[in-house]
Student: 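The structure follows.
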Amino acid sequence: MTIAKNLQSTTTLHNGVHMPWFGLGVFKVEEGSELIEAVKSAIKQGYRSIDTAAIYGNEAGVGQAIAEALQENGLKREDLFITSKVWNADLGYTETLAAFETTMSKLGLEVLDLYLIHWPKAGKYKGAWKAMEELYAAGRIRAIGVSNFQIHHLQDLMQDAQVKPMVNQVEYHPRLTQEDLRAFCKQHGIQLEAWSPLMQGELLDNPVLAEIAAAKGKSIAQVILRWDLQNGVVTIPKSTKEHRIIENAAIFDFTLSTEEMEQINSLNENLRVGPDPDNFDF
Ligand SMILES: NC(=O)c1ccc[n+]([C@@H]2O[C@H](COP(=O)([O-])OP(=O)(O)OC[C@H]3O[C@@H](n4cnc5c(N)ncnc54)[C@H](OP(=O)(O)O)[C@@H]3O)[C@@H](O)[C@H]2O)c1
């Protein structure tokens, strides 16, 4: 498989849209200067993809940071890839159409690069998908996808869908490798994307990863993020610290061997840091 060469390298989604392999997540970062500085710093350092969501409550700040970063770095809107997600309370055909407009006005954008159904709420996601298909057909969204969908959710959605999801963003890290889901997505041309790739910091003292990191002269975070890319998984680590924003992206100058990849794959314990998509109550 082709492996990303640098921060601007992209995967081609099944509709031909190019999506960066690497991006910045902004979950749990409140509106304000820390958020704006983090997004601007990432773009200045070469990041081209930013992942937000309506429920994060920070789309306005992300929009402001994007506008300032475009100007300060001489970039064009189409140089960036912006993702947002429709929240559970807004799932349903008319609700999702309205939620999308709110998101766009907060972000200050005309066109969104990727819009995701945040969680597979039973009985609700098909109406939302219909709305997203229409927005996609109208050119308001360049790619549409889902998040936290298990294989059975994808199968159910695809039964009625006109457009197959381009992306499935799920919790994915060395303790939750989701091999069946990864294989299913690959078979159907759905790009898998990792959320909480660093397990929200909980993996950063793992001895197996520490040994590989020491051998490579890299940090554990860098080893995990490189492992994502070599497994063909888009990754969006979150940091508000400029030194970590830089560190996390410095993963294009080393390669994990097949043996090291297998060692990391074998850390799987099917262990989640976030909610279970088959058993959530929000
Ligand atoms: N679709 C979904 O349901 C869903 C759910 C969760 C997350 N997400 C998306 O995925 C993104 C990433 O996931 P996440 O934010 O949950 O967790 P994460 O990226 O796995 O971990 C972030 C945590 O690790 C720390 N960190 C980052 N880089 C580090 C480094 N090099 N060394 C040490 N610590 C480091 C950060 O702290 P500092 O900021 O202090 O550096 C933060 O506490 C989110 O921001 C969001 O965009 C989506």
Side-chain angles (χ1 to χ4, degrees), residues 19-30 32-39 41-42 45 47 49-59 61-62 65 81-88 91 103 107 113-121 125 144-150 153 165 167-176 178 181 191-206 209-210 213 218-228 233-251 271-280 282:
M19 174 180 189
W21 281 107
F22 196 91
L24 180 77
V26 294
F27 181 38
K28 292 186 182 161
V29 191
E30 289 176 12
S33 57
E34 189 188 33
L35 167 77
I36 291 171
E37 288 316 311
V39 172
S41 154
Q45 296 301 334
Y47 284 56
S49 167
I50 309 292
D51 180 88
T52 185
I55 194 68
Y56 300 171
N58 60 16
E59 290 171 309
V62 168
F81 190 97
I82 310 302
T83 301
S84 194
K85 316 180 191 90
V86 54
W87 186 240
N88 301 355
L91 293 181
T103 277
L107 285 169
D113 298 286
L114 178 64
Y115 199 40
L116 305 176
I117 294 181
H118 209 146
W119 285 88
K121 205 166 171 61
Y125 57 73
I144 53 177
V146 294
S147 178
N148 300 303
F149 273 47
Q150 308 270 47
H153 296 122
V167 172
N168 186 17
Q169 183 188 108
V170 299
E171 182 176 345
Y172 179 89
H173 45 66
R175 288 227 180 89
L176 182 70
Q178 312 226 49
L181 181 61
Q191 176 63 53
L192 198 70
E193 179 177 18
W195 64 252
S196 295
L198 306 175
M199 208 182 174
Q200 295 180 351
E202 286 182 29
L203 270 167
L204 300 177
D205 56 359
N206 180 281
L209 296 172
K218 286 283 170 181
S219 69
I220 290 185
Q222 289 170 325
V223 166
I224 296 172
L225 298 168
R226 178 76 201 179
W227 169 82
D228 286 339
V233 179
V234 168
T235 193
I236 46 167
K238 172 262 175 187
S239 181
T240 51
K241 316 280 184 307
E242 185 163 56
H243 70 279
R244 287 176 176 164
I245 288 172
I246 295 169
E247 173 192 330
N248 291 345
I251 56 169
L271 197 67
R272 294 178 184 276
V273 71
D276 181 345
D278 279 325
N279 186 21
F280 63 98
F282 48 87

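Just so you know, these numbers use all the heavy atoms, side chains as well, and skip hydrogens, waters and symmetry mates. Order of appearance sets the numbers: ligands from 1, and atoms from 1 within every ligand.
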Student: Step through it carefully: locate the ring centre of W87, locate the ring centre of F282, and say whether they are under 6.0 Å apart.
Tutor: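 Close enough - the centres of the two rings lie under 6.0 Å apart.
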Student: Looking only at distances, please establish whether an N/O atom of ligand 1 is found under 3.5 Å from an N/O atom of L204.
Tutor: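 It does not: no N or O of L204 is found under 3.5 Å from an N or O of ligand 1.
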Student: Hey, what do you get for NZ (K85) to CZ (F27), rounding to the nearest 0.5 Å?
Tutor: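 Reported value, rounded in 0.5 Å steps: 9.0 Å.
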Student: So which bit of T52 gets within less than 4.0 Å of ligand 1, heavy atoms only: side chain, backbone, both or neither?
Tutor: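 It is neither; nothing of T52 touches ligand 1.
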Student: Which ligand 1 atoms are under 4.0 Å away from a heavy-atom of T240?
Tutor: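 Going through ligand 1 atom by atom, the ones under 4.0 Å from T240 are 39 (O).
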Student: In Å, rounded to the nearest 0.5 Å, how long is the span from NZ of K218 to CD1 of I224?
Tutor: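 With rounding to 0.5 Å, NZ (K218) is 14.0 Å from CD1 (I224).
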Student: Does the ring center of W119 lie less than 6.0 Å from the ring center of F280?
Tutor: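 Yes, close enough.
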Student: Roughly how far, to the nearest 0.5 Å, is NE2 of H153 from CG of L181?
Tutor: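 Here the interatomic distance stands at 11.0 Å.
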Student: Could you tell me whether K238 and D51 make a salt bridge, using a distance below 4.0 angstrom between a side-chain N and a carboxylate O?
Tutor: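 Between D51 and K238 there is no salt bridge, as every charged N stays at least 4.0 Å from the carboxylate O atoms.
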Student: What part of A221, side chain, backbone, both or neither, has a heavy atom within less than 4.0 angstrom of ligand 1?
Tutor: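 Near ligand 1, A221 shows its side chain, while the N, CA, C and O stay back.
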Student: Considering heavy atoms of the protein only, find what lies nearest to atom 16 (O) of ligand 1 and give residue, atom and distance to 0.1 Å.
Tutor: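 Checking every protein heavy atom, the shortest distance to atom 16 (O) of ligand 1 gives S196 OG, 2.7 Å.
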Student: Measure the distance from atom 20 (O) of ligand 1 to every protein heavy atom, then report the residue, atom name and distance (to 0.1 Å) of the closest one.
Tutor: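 It is L198 N, 2.8 Å.
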Student: Among all protein heavy atoms, pick out the one at the shortest distance from atom 5 (C) of ligand 1; state its residue, atom name and that distance to 0.1 Å.
Tutor: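 It is W195 CD2, 3.1 Å.
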Student: At what distance is the nearest protein heavy atom to atom 12 (C) of ligand 1, and which residue and atom is it?
Tutor: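 The closest one turns out to be I236 O, 3.2 Å.
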Student: Using a strict cut-off of 4.0 Å, indicate which atoms of ligand 1 neighbour a heavy atom of P237.
Tutor: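 That gives atoms 19 (O) of ligand 1.
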Student: Check if P197 has a non-hydrogen atom at a distance under 4.0 Å from any atom of ligand 1.
Tutor: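 Judged by the 4.0 Å heavy-atom criterion, P197 does count as contacting ligand 1.
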Student: For the backbone of V26 and the side chain of N58, can you confirm whether one donor and one acceptor N or O come within less than 3.5 Å of each other?
Tutor: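 Side chain of N58 to backbone of V26, a donor-acceptor pair under 3.5 Å: yes, one is there.
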Student: Nearest heavy-atom pair of L24 and S239: which atoms, and what distance?
Tutor: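 Of all heavy-atom pairs spanning L24 and S239, the closest is CD1-O, 3.7 Å.
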Student: Please list, in number order, the atoms of ligand 1 under 4.0 Å from a heavy atom of N148.
Tutor: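 Numbered from 1, ligand 1 contributes 1 (N), 2 (C), 3 (O).
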Student: So if I count the atoms of ligand 1 from 1 in the order they appear, which ones are less than 4.0 Å from some heavy atom of D51?
Tutor: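 Under 4.0 Å from D51, ligand 1 has these atoms: 9 (C), 46 (C), 47 (O).
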Student: If hydrogens are left out, which of K238, H243, Q169 has an atom nearest to atom 39 (O) of ligand 1, that is, the closest non-hydrogen atom?
Tutor: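 Heavy atom nearest to atom 39 (O) of ligand 1 belongs to K238.
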Student: Would you find a donor on one side and an acceptor on the other, under 3.5 Å apart, between the side chain of Q169 and the backbone of I117?
Tutor: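 Not at all, since once roles are kept as given, no pair shorter than 3.5 Å links the two residues.
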Student: Of the backbone atoms (N, CA, C, O) and the side-chain heavy atoms from C-beta on, which set of N248 has a member under 4.0 Å from an atom of ligand 1: side chain, backbone, both, or neither?
Tutor: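 Looking at N248 and ligand 1, just side chain atoms fall under 4.0 Å.
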Student: Going by the closest heavy atom to atom 23 (C) of ligand 1, which one wins out of E202, Q200, H173?
Tutor: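 Checking each option, the heavy atom nearest atom 23 (C) of ligand 1 is found in Q200.
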Student: A54: which residues meet the side chain to side chain contact (heavy atoms under 4.5 Å, CB included) condition with it, sequence neighbours left out?
Tutor: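 In terms of side chain to side chain contact (heavy atoms under 4.5 Å, CB included), with neighbours along the sequence ignored, A54 is linked to E59, T103.
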Student: Can you figure out which of R244, K85, E247, E34 has its heavy atom closest to atom 35 (C) of ligand 1?
Tutor: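 Comparing heavy atoms across R244, K85, E247, E34, the nearest one to atom 35 (C) of ligand 1 lies in R244.
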Student: Give the residue and atom name of whichever protein heavy atom lies nearest to atom 40 (O) of ligand 1, and the separation in Å to one decimal.
Tutor: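 Result: K241 NZ, 2.5 Å.
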Student: By number and element, which atoms of ligand 1 are closer than 4.0 Å to a non-hydrogen atom of H118?
Tutor: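 Ligand 1 atoms under the 4.0 Å threshold to H118: 1 (N), 2 (C), 3 (O).
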Student: Considering only non-hydrogen protein atoms, determine which one is nearest to atom 44 (C) of ligand 1 and report residue, atom name and distance to 0.1 Å.
Tutor: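 Answer, as residue, atom name and distance: F27 CB, 3.3 Å.
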Student: Under 4.0 Å from a heavy atom of M199: give me the atoms of ligand 1 that qualify, with their elements.
Tutor: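 Result: 20 (O).
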Student: Could you report the tightest heavy-atom contact between I55 and H118, atom names first, then the distance?
Tutor: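 Result for this residue pair: CG2-CE1, 3.5 Å.
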Student: When the ring centroid of W21 is compared with that of F81, is the distance short of 6.0 Å?
Tutor: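 Not under 6.0 Å, so no.
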Student: For ligand 1, which part of V29 has a heavy atom less than 4.0 Å away: the side chain, the backbone, both, or neither?
Tutor: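 Answer for V29: neither.
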Student: State, with a plain yes or no, whether a side-chain heavy atom of H243 is found less than 4.5 Å away from one of N248.
Tutor: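 No - every pair of side-chain heavy atoms lies 4.5 Å or more apart.
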Student: State the atoms of ligand 1, each with its element, that fall below the 4.0 Å cut-off from a heavy-atom position in V26.
Tutor: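 In order of number, 45 (O), 47 (O).
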Student: For a 4.5 angstrom cut-off between non-hydrogen side-chain atoms, does H173 reach V233?
Tutor: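 The answer is no, as the side chains (C-beta and beyond) never meet within the 4.5 Å cut-off.
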Student: Heavy-atom distances under 4.0 Å decide this one: backbone, side chain, both or neither, for S239 against ligand 1?
Tutor: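 It is both backbone and side chain that touch ligand 1.
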